[in-house]
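First comes the structure, then the notes that go with it.
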Amino acid sequence: MSGEPNPSDPAVRRIGAEGHARDTTALPPDRRMAALITHLERLRRAQTAQMELGTADLRILWMFSDGRARTLKQIAHELELEQSTVNRQINAAIVEGLLQRTREEGHPALLISPTERGRQAFDDDVEKSLDALRLGLGAVKGDAVDFLDEFTLFVEAFDAGVRAAGELDQSEPSHKEPR
């Protein structure tokens, strides 16, 4: 039996359920990265559960961060979703007091915009998320910008690998900047 750790051994490859990364330094780089990404995904799910807003509400309210009201059709187009799906999400957000409908004089279409409560809930949730990201970036040895440049290269290469395997629609943009 070799002295190499067995990557299929849960004690070697698993990130601890207690929320701390186990020592994965003995793993091959690809398995170490997989373990770290798995842990990051768990953390993102936990962070999402701590948010006041759900994913759909966050996406919709993010779109309004440019200050422009939109019609239902415009929202569906920008989010690349069916109008019926967007209509259900918008109606639910209106009931929750996050969005409002208004009508401009001379325009037949109703405009959707965030309420003050919606803007505040969005700002609060974004700040929670950014606080955790700032803490993570602060722990990086060296320059955070250099880390992000290197991480961007990793994500772009990973994206190319996923696309080459046929797992992702080739027409989908590889990276969307937040609005």
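Keep in mind that what you see is a predicted model, and the values were worked out from it rather than measured. One-based numbering along the sequence shown.
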- Evaluation steps, side chain to side chain contact (heavy atoms under 4.5 Å, CB included), between Arg68 and Arg70: CA-CA 6 Å; Arg68 290 185 12 237; Arg70 290 167 173 77; 3.4 Å; yes
- Between the CG atom in Leu148 and the CD atom in Glu150, the distance rounded to the nearest 0.5 Å is 10.5 Å
- Item | Minimal non-hydrogen separation, Ser129 against Met51, with atom names | CB-CE, 3.7 Å
- Query: Once you round to the nearest 0.5 Å, how far does CD of Glu80 lie from CD1 of Ile75?
  - Reply: 14.5 Å
- Item | Side-chain ion pair, Arg119 and Asp123, N-O less than 4.0 Å | no
- Item | From CD1 (Ile37) to CZ (Arg32), nearest 0.5 Å | 12.5 Å
- Item | Single-linkage hydrophobic cluster Leu79~Leu110, side-chain heavy atoms < 4.5 angstrom | no
- What is the minimum heavy-atom distance between Ser65 and Phe122, and which atoms define it? CB-CE2, 4.5 Å
- Modelled atom types, side-chain donor and acceptor of Thr115 and Gln100, under 3.5 Å: no
- Task: Answer whether the closest heavy-atom distance between the side chains of Glu52 and Asp57 falls below 4.5 Å.
- Result: no
- Query: For Glu127 and Arg134, what are the C-alpha separation, side-chain angles and deciding distance, and is it a salt bridge (charged side-chain N to carboxylate O under 4.0 Å, His left out)?
  - Reply: CA-CA 10 Å; Glu127 196 56 37; Arg134 283 189 284 265; 2.3 Å; yes
- Message: For the backbone of Pro29 and the side chain of Arg31, can you confirm whether one donor and one acceptor N or O come within less than 3.5 Å of each other?
- Response: no
- Note on the structure: Looking only at heavy atoms, the pair that brings Ala109 and Thr71 closest together is CB-CG2, 3.8 Å
- If you measure from CD1 on Ile112 to CD on Gln74, what distance do you get to the nearest 0.5 Å? 10.0 Å
- Query: Are Leu36 and Leu40 in one and the same hydrophobic cluster, where Ile, Leu, Val, Met, Phe, Trp and Tyr link if side-chain heavy atoms are under 4.5 Å apart?
  - Reply: no
- Taking only Lys NZ, Arg NE, NH1 and NH2, and the carboxylate oxygens of Asp or Glu, determine whether Asp131 and Lys128 approach each other closer than 4.0 Å. no
- Roughly how far apart are Lys73 NZ and Glu78 CD, rounded to 0.5 Å? 13.0 Å
- Note on the structure: When every non-hydrogen atom of Phe147 is compared with those of Val140, the smallest separation belongs to CB-CG1, 3.7 Å
- Asp124 and Gln120: side-chain hydrogen bond (donor to acceptor under 3.5 Å, both in side chains), yes or no, with the steps? CA-CA 6 Å; Asp124 291 348; Gln120 189 61 55; 2.8 Å; yes
- If you group Ile, Leu, Val, Met, Phe, Trp and Tyr by side-chain heavy-atom gaps below 4.5 Å, do Val162 and Val155 land in one group? yes
- What are the two closest non-hydrogen atoms of Leu61 and Leu98, and how far apart are they? CD2-O, 4.1 Å
- Query: If you take all heavy atoms of Arg117 and Gly97, which pair is closest and at what distance?
  - Reply: CB-O, 3.7 Å
- One should read off an interatomic distance between Leu72 CG and Arg101 CZ, to the nearest 0.5 angstrom, of 7.5 Å
- Is there a path from Ile90 to Leu111 through hydrophobic residues (I, L, V, M, F, W, Y) whose side chains come within less than 4.5 Å of each other? no
- Going by distance alone, is a donor N or O of one side chain under 3.5 Å from an acceptor N or O of the other, for Arg44 and Gln47? yes
